[in-house]
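For reference, the structure is listed below as structure tokens.
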Amino acid sequence: MKRTKINILTRLETTPGQVLVKGWVRTKRDSKEFSFMEVNDGSCLNNIQVLANKDLENYSQIQTITTGTSLVVVGDLVASPGKGQKWEIQASNVEILSLAPESYPLQKKRHSDEFLRTIAHLRPRTNKFGAIFRIRSEMAFAIHKFYRDRGFKYLTAPLITGSDCEGAGEMFRVTSLTPTEVQKQGKMDFTRDFFGQEANLTVSGQLSAEMFALSLGDVYTFGPTFRAENSNTSRHVAEFWMLEPEMAFCDLNGNMDHGEELVKYLVNHAMEFCEEDLSLFFQFVDKSLPGLMDTLVNQEFGRLSYTDAIAVLKKSKKAFEFPVEYGIDLQSEHERYLAEDYFKKPVFLTDYPKDIKPFYMRMNADEKTVAAVDLLVPRIGELIGGSQREERLDHLEKRMEEMNLPKEPYWWYLDSRRYGSVPHAGFGLGFERFLMMLTGITNIRDVVPFPRTPGSIDF
RNA sequence: UCCCCAGUAGCUCAGUUGGCAGAGCAAUUGGCUGUUAACCAAUGGGUCCGCGGUUCAAAUCCGUGCUGGGGAGCCA
């Protein structure tokens, strides 16, 4: 007999008669002559209720079943006379695969997120974390579907990189030198290292994506990214996933149009395909989520230049901790004011002063600002950061000189501007931040299966 | 890295002015013929985060370290 997953079972209109289910017991309620067990197999939020009565040959064994026990159940799927579920299984056979002894840390009550982080290997067995990670899986698929449907090509950018100054933060060093060798040499001698030069884990796939956009047209990378920043916040992890589309023949407006279409598509996809799991977050995590979803899908995102944003902030009567002046990098409080109070919806901020942005962003005609764009989302902050890239070789080289960047390591990057350069643009979207926005989860460690943060790499 | 807060039973927490270590849930055992975080009863369960100090006496006060949380910076 073939196993049926619970997400299929609970949606059936008519009973197929006998069914075979495999899963884990979430809770058991005993009477003298029968037991109710809620069995979950991870395929969906719902459990299936299994009724085992004392006629079963191994009933005394069944009575020892505890929360967390793994089971194989055969029985008839029948309409449940009780409230709370459509179907239940009248078990004709219950096989215990493995009992979970009393030390099993998950109970049939609510646990704190902080406690569950200490048992990250077991937390996907809870309703909330099961739902999070099913949504995460579905959203990764949705990203690929969105891009495939639009003719984008998927690029796997290298995770080990030789460029050490991509400008996006501290990097993790990759080396095959042993501590003993380093001690013997008295220094890190990179010429003796695996690659013959310094190597790091990537902080962005952008430069690779640009090369492929200038070859395949529209591309995207979606993969892990590493930052060795000593950031101890609810919004940062050392290893996270980033989506980076890069489009040839695209300017800043096209970049924003694309970002808005992407976010709307992903939210719609979640509401269509993760309805049941999302309902848990709507109900128990953040009751304002449905409103935010509605705003994301139905309202046009705001668009505002940095210069105008400074004017808006100066005009506001809000007392900011950090004073607003043209040229400053916007602080969290400023971004929150713009997205949450002023626009009350996502807003693209564009055309930042060149001095606070990296070398590859395209210089605007005013020679003061560059074609940068950040998407600020209420409660989340910066969800997207991107730009139109500087495609003009002379401008790019001038910026690198101004910023004291060595040109030699970038010879291949500059080549792309030397041979058939075209306007192009792209951005990075933090996958975990998107999931936080979708679920109302406030700590990024709770949307990553096994989060890596300063001083923490268990599991 | 900086600022603030917290650490007491498996979990969530209370613990008054420094004076016997507590509750709910969970677990264990028993009861109960349709339960829904089932219900009822009984039982067991403690390095009060570690180290040092003050005191007749410290979960409580002081110092220090560790861990966790919130915020800031950096950013996605």
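In what follows, every heavy atom counts, from backbone to side chain, and hydrogens, waters and symmetry copies are set aside. Reminder, nothing fancy here: chain letters follow the sequence lines and each chain counts from 1. What you are looking at is a predicted structure, and each value in this text was computed from that prediction instead of being measured.
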Using atom [atom1] in both nucleotides, what's the gap between [N] and [M] to the nearest angstrom?
N: B:rC32; M: B:rG44; atom1: P; value: 24 Å
N: B:rA26; M: B:rG63; atom1: P; value: 41 Å
N: B:rA59; M: B:rU17; atom1: C1'; value: 15 Å
N: B:rU33; M: B:rA23; atom1: P; value: 31 Å
N: B:rC4; M: B:rG15; atom1: P; value: 23 Å
N: B:rG46; M: B:rU8; atom1: P; value: 15 Å
N: B:rU67; M: B:rU28; atom1: P; value: 34 Å
N: B:rG45; M: B:rG10; atom1: C1'; value: 9 Å

Between [X] ([atom1]) and [N] ([atom2]), how many Å, whole number?
X: A:Leu122; N: B:rA26; atom1: CG; atom2: C1'; answer: 16 Å
X: A:Lys54; N: B:rC32; atom1: NZ; atom2: C1'; answer: 13 Å
X: A:Glu102; N: B:rU29; atom1: CD; atom2: C1'; answer: 12 Å
X: A:Lys28; N: B:rU28; atom1: NZ; atom2: C1'; answer: 13 Å
X: A:Phe322; N: B:rG73; atom1: CZ; atom2: C1'; answer: 8 Å
X: A:Glu38; N: B:rG34; atom1: CD; atom2: P; answer: 17 Å
X: A:Arg336; N: B:rG70; atom1: CZ; atom2: P; answer: 13 Å
X: A:Ile119; N: B:rG68; atom1: CD1; atom2: C1'; answer: 15 Å

For [N], the Watson-Crick or wobble counterpart (both distances under 3.5 Å):
N: B:rU17; answer: none
N: B:rU55; answer: none
N: B:rU60; answer: none
N: B:rA72; answer: B:rU1
N: B:rU67; answer: B:rA6
N: B:rA23; answer: B:rU12

Looking only at side chains, do [X] and [Y] share a donor and an acceptor under 3.5 Å apart?
X: A:Arg389; Y: A:Ser387; value: yes
X: A:Gln206; Y: A:Glu210; value: yes
X: A:Asp351; Y: A:Ser305; value: no

Describe the nucleic acid contact of [X] in one word from base, sugar-phosphate, nothing, applying a heavy-atom distance below 4.0 Å.
X: A:Leu383; answer: sugar-phosphate
X: A:Glu335; answer: nothing
X: A:Ser35; answer: nothing
X: A:Gly82; answer: base
X: A:Thr225; answer: nothing
X: A:Phe434; answer: nothing
X: A:Asp30; answer: base

For the side chain of [X], counting heavy atoms from C-beta on, which of [options] is nearest?
X: A:Ser332; options: B:rA72, B:rC74, B:rG34; result: B:rA72
X: A:Lys32; options: B:rC75, B:rC32, B:rA37; result: B:rC32
X: A:Arg227; options: B:rG34, B:rG69, B:rC75; result: B:rC75
X: A:Gln49; options: B:rC74, B:rG34, B:rU28; result: B:rG34

Could you check whether the rings of [X] and [Y] sit parallel, tilted or perpendicular, using 30° and 60° as the cut-offs?
X: A:Tyr342; Y: A:Tyr337; value: tilted
X: A:His258; Y: A:Phe427; value: tilted
X: A:Phe226; Y: A:Phe172; value: perpendicular

Starting at the 5' end of RNA chain B, which residue's closest nucleotide do you reach first, A:Glu333 or A:Phe36?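 Nearest-nucleotide comparison on RNA chain B picks A:Phe36.
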Closest-nucleotide 5' rank along RNA chain B - winner of A:Gln85 and A:His236: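 Of the two residues, A:Gln85 wins.
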For the residue pair A:Phe348 and A:Phe343, is the inter-centroid distance of their aromatic rings smaller than 6.0 Å? no
Check side-chain hydrogen bond (donor to acceptor under 3.5 Å, both in side chains) between A:Asn7 and all other residues, then give those that pass, not counting sequence neighbours.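 For A:Asn7, the residues satisfying side-chain hydrogen bond (donor to acceptor under 3.5 Å, both in side chains) (neighbours in sequence not counted) are A:Ser43.
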Could a donor-acceptor pair under 3.5 angstrom be found where the side chain of [X] meets the base of [N]?
X: A:Asn232; N: B:rU1; answer: yes
X: A:Ser231; N: B:rC75; answer: no
X: A:Glu88; N: B:rG34; answer: yes

In a check of ring pair (Phe, Tyr, Trp, His ring centres under 6.0 Å) between A:Trp241 and each of A:Phe222, A:Phe431, A:Phe434, which one passes?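 So, applying the ring pair (Phe, Tyr, Trp, His ring centres under 6.0 Å) to A:Trp241 and each of A:Phe222, A:Phe431, A:Phe434, only A:Phe222 qualifies.
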Have a look at A:Arg303 and tell me which of A:Asp374, A:Asp257, A:Asp308 forms a salt bridge (charged side-chain N to carboxylate O under 4.0 Å, His left out) with it. A:Asp257
Should A:Arg235 be listed as having a side-chain N or O under 4.0 Å from OP1 or OP2 of B:rA72? yes
Letter per nucleotide, 5' to 3', of nucleotides 5-13 of chain B [B base touched, S only sugar-phosphate touched, - untouched; heavy atoms, 4.0 Å]: -----BBS-
Under 4.0 Å between a Lys/Arg side-chain N and an Asp/Glu carboxylate O for A:Lys28 and A:Glu38?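 No, no charged N to carboxylate O under 4.0 Å.
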